[in-house]
Chemist: 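Provided herewith is a single structure, encoded as structure tokens, for subsequent inquiry.
Note on naming: letters A, B, ... go to the chains in the order of the sequence lines (proteins, then strands), and numbering restarts at 1 for each one. Quantities reported herein were computed from a predicted structural model and do not represent experimental measurements.
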There are 2 protein chains.
Amino acid sequence: MSANSRLTIAAHALAWIGLYQRQGHEVATSEQIATSANTNPVVIRRLLGELRRAGLVESRRGVGAGWSLARELESMTLLDVYEAVEPGPLFAMHRTTPDQGCVVGHGIQPAMQSIYEGIEGTLRRELARVTLENVLRDVLAASR
Amino acid sequence: MSANSRLTIAAHALAWIGLYQRQGHEVATSEQIATSANTNPVVIRRLLGELRRAGLVESRRGVGAGWSLARELESMTLLDVYEAVEPGPLFAMHRTTPDQGCVVGHGIQPAMQSIYEGIEGTLRRELARVTLENVLRDVLAASR
DNA sequence: GGCTGTTGCAACCTTCACTGTTACGACTGT
DNA sequence: ACAGTCGTAACAGTGAAGGTTGCAACAGCC
């Protein structure tokens, strides 16, 4: 499994914006978030752009521009973030269609498809149980 | 999530070997399995090699060589296969360590780590609930 | 109206994992 | 000795993701 870090970085960005706003600031810049996440501002802007399309954050342009939360952290779950940044399914089928003349080749895809759907449903329910507020609380707990 | 098909192909191969043995054959060749899965025999040999290291299949060399199951399909779960072919974690941390001077940068990794561990545990329990016998039954059911 | 700081986005490179392919040595029953 | 198959190395192709640069668009401020 080529594990990617998009969900992690997205959660990082949201937690950062949320904390920054609680400290009284209006908006956070991709530059600031990128410094905290130790990556490039464009990477953050790309990710936040996907979160904006999902309705989780808003952006402002011009002088004093930056990013702000579109909803409270309590109302965002890791599932919202996951769906915003991870389009594809967890497990993939064969890259080329198997031999349909073979019993196994013919039946394997529907069989695995239904199994995978059940597992992905469970994964989604787990992700939906964790809010970004939970994440931020854990983050702050780790620093003490 | 760059979904890969390793788990699917491995399940395909095991179901194929299992069915072939039930039809009275001793061993299956990587050539036969590759034809059914519409891929290259070397790909199958590489995958089955990992399953052999996990104790799920055995191979025989020389004339009349090939692959056979090391255990009954009932006693193999998708978790066994998953662990054999997918080494890494489901979700990754940052590629570079975040800014430890920042509260979020410092706390985000332990926070996400513990969340991810819980989710991966659930995923594993789900995978452990499906045996390869279940898979083969579903495969045969789809052909009717 | 011009200046400034930031987003939005395109373009490109690098890295990485996986797949596909070729080649060939190792092994073993006949 | 032969033939068939595994075991494995080596390499090319593919695609996703991250990293980087560059620049137009935008909006507040002087």
Chemist: Under 4.0 Å between a side-chain nitrogen and a carboxylate oxygen: does that hold for A:E133 and A:R22?
Modeler: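 Salt bridge present between A:E133 and A:R22.
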Chemist: Which is more 5' along DNA chain D, the nucleotide nearest B:R52 or the one nearest B:R95? Just name the residue.
Modeler: B:R52
Chemist: What residues, two or more places apart in sequence or in another chain, satisfy side chain to side chain contact (heavy atoms under 4.5 Å, CB included) together with A:V42?
Modeler: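 In terms of side chain to side chain contact (heavy atoms under 4.5 Å, CB included), with neighbours along the sequence ignored, A:V42 is linked to A:N40, A:R45, A:R46.
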Chemist: Can you confirm whether A:Q23 is buried at CD, in the sense that more than 12 heavy atoms of other residues, nucleotides or ligands lie under 6.0 Å from that atom?
Modeler: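 More than 12 heavy atoms, drawn from other residues, nucleotides or ligands, come within 6.0 Å of this atom.
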Chemist: Can you sort out the partners of B:T39 under side chain to side chain donor-acceptor pair (under 3.5 Å), two or more places apart, ordered by chain and number?
Modeler: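 Expected list: none.
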Chemist: Within less than 4.0 Å of OP1 or OP2 of D:dG4, is there a side-chain N or O belonging to B:T29?
Modeler: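 Checking B:T29 against D:dG4: no side-chain N or O falls below 4.0 Å of OP1 or OP2.
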Chemist: Could you write out each protein N or O paired with an N or O of nucleotides 27-30 of chain C at a distance under 3.5 Å?
Modeler:
{"unit_1": "C:dC27", "atom_1": "O2", "unit_2": "B:G62", "atom_2": "N", "d": "3.3"}
{"unit_1": "C:dT28", "atom_1": "O2", "unit_2": "B:V63", "atom_2": "N", "d": "3.2"}

Chemist: Under the side chain to side chain contact (heavy atoms under 4.5 Å, CB included) rule, collect the residues that match up with A:Q32, sequence neighbours excluded.
Modeler: A:W16, A:Y20, A:A28, A:T29
Chemist: Tell me every residue that passes side chain to side chain contact (heavy atoms under 4.5 Å, CB included) with B:N38, counting only those two or more places apart in sequence or in another chain.
Modeler: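 Once residues adjacent in sequence are excluded, the partners of B:N38 under the side chain to side chain contact (heavy atoms under 4.5 Å, CB included) criterion are A:T96.
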Chemist: Using a strict heavy-atom distance below 4.0 Å, which residues from residues 37-47 of chain A are in contact with DNA chain D?
Modeler: A:T39, A:N40, A:V42, A:V43, A:R46
Chemist: Within the structure provided, determine whether B:L123 and B:L79 are in side-chain contact (heavy-atom separation under 4.5 Å).
Modeler: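 Result no, sub-4.5 Å side-chain heavy-atom pair not found.
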Chemist: Indicate whether OP1 or OP2 belonging to C:dG8 is found under 4.0 Å from a side-chain N or O atom of A:S59.
Modeler: yes
Chemist: Does any non-hydrogen side-chain atom of B:R129 lie less than 4.5 Å from one of B:T77?
Modeler: no
